[in-house]
Amino acid sequence: MKVIKAANYDELSRKAAQIIASVVWNNPRSVLGLATGSTPIGTYKELIRMNKEGDLDFSQITTVNLDEYAGLDPSNDQSYRYFMNDNLFNHINIDKNKTFVPNGLASDLSAEGARYDAFIDSLGGTDIQLLGIGHDGHIGFNEPDEVFYKATHEVKLDAMTIKANARFFENEDAVPRRAITMGMWAIMQSKKILLIASGDDKRDIVERSINGPVTPKVPASILQCHRDVTVIYTY
Ligand code: F6R
């Protein structure tokens, strides 16, 4: 595991974007695993800048996102599809038909999970997976549990996650209670994993994830078992 301390959020964003850009330069047909949340916004801004300045071409890139709320239409400005369009896809030369987010509107979320995993498999997996981390150690929406869930699956969000995500909604009651998330298989099969964490409030969970025991009680600790992980943090 390569652990990099960035001086501040801007440096974290630049370094993270550079790692993603190297993957794209190396293979212009790469499959990028992407995340939502506040942490990657600066990284996406950097990628947009590089694209606008002509240094980075997304025309042949495919993306798969980690997760989506259940029951939110893609046109809902709180959906993760909307977030990705708004914070990245609308501003770069990517073919939106090659950008994928789990379907939170599917009537059978476990069938949707199986379809999503088979789809990622058919792409040959992701070349890089970008991750943020929740205060409880969640990656995607894989919350602390008794086991690591392998498949893309439906989850009931933890009280801590609902509270943390309420800042994007009118109030806590408006936060969806269920979501669909890539499981550990789809995350861990990625050739490269990049985890970014910003803020003093993430210090404790980042330390526990990278130095503590590997346990489903701290979902991000599973990353210790992957052979190519970079963690960039600032706090
Ligand atoms: C988002 C996701 C979540 C976030 C995590 C951290 O797709 O999968 O695991 O990465 O909740 O969110 P922020 O970056 O808002 O602190």
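Start at 1 and go down the list; that is how both ligands and their atoms are numbered. Excluded from the calculations below are hydrogen atoms, water molecules and symmetry mates; all remaining heavy atoms, backbone and side chain alike, are included.
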Polar proximity ligand 1 side, [X] side, N/O cut 3.5 Å exclusive:
X: Tyr80; value: no
X: Ser38; value: yes
X: Gly140; value: yes

_Partner of Arg81 by side-chain hydrogen bond (donor to acceptor under 3.5 Å, both in side chains), out of Thr99, Thr36, Asp86_ = Thr99
Residue-level breakdown please: for [X] versus ligand 1, do any non-hydrogen atoms fall below 4.0 Å on the side chain, on the backbone, on both, or on neither?
X: Thr39; result: both
X: Arg167; result: side chain
X: Asn65; result: neither

*Ignoring hydrogens, just give me the one of Asp67, Ile139, Asp136 whose non-hydrogen atom is nearest atom 7 (O) of ligand 1.*
Asp67
Per-atom contacts, ligand 1 versus [X] - under 4.0 Å to a heavy atom:
X: Leu66; value: 8 (O)
X: Gly37; value: 14 (O), 15 (O)
X: Gly132; value: 10 (O)

_Aromatic ring pairing Tyr80/Phe83, orientation class (parallel under 30°, perpendicular over 60°, tilted between)_ = perpendicular
_Tell me which one of Lys192, Arg29, Lys191 satisfies salt bridge (Lys or Arg N to Asp or Glu O under 4.0 Å) with Asp127._
Lys191
Identify, for [atom], the protein heavy atom at the shortest distance, and state residue, atom and that distance.
atom: atom 5 (C) of ligand 1; answer: His138 NE2, 3.5 Å
atom: atom 6 (C) of ligand 1; answer: Ile133 O, 3.4 Å
atom: atom 16 (O) of ligand 1; answer: Lys202 NZ, 2.7 Å

*Hey, would you say the Phe168 and Tyr69 ring centroids sit under 6.0 Å apart?*
no
_Close aromatic pair by centroid cut-off 6.0 Å: Tyr233 and Tyr235_ = yes
*Under the salt bridge (charged side-chain N to carboxylate O under 4.0 Å, His left out) test, residues paired with Asp201 that sit two or more places apart*: none
*Return yes when Glu68 approaches ligand 1 closer than 4.0 angstrom through a heavy atom, no otherwise.*
no
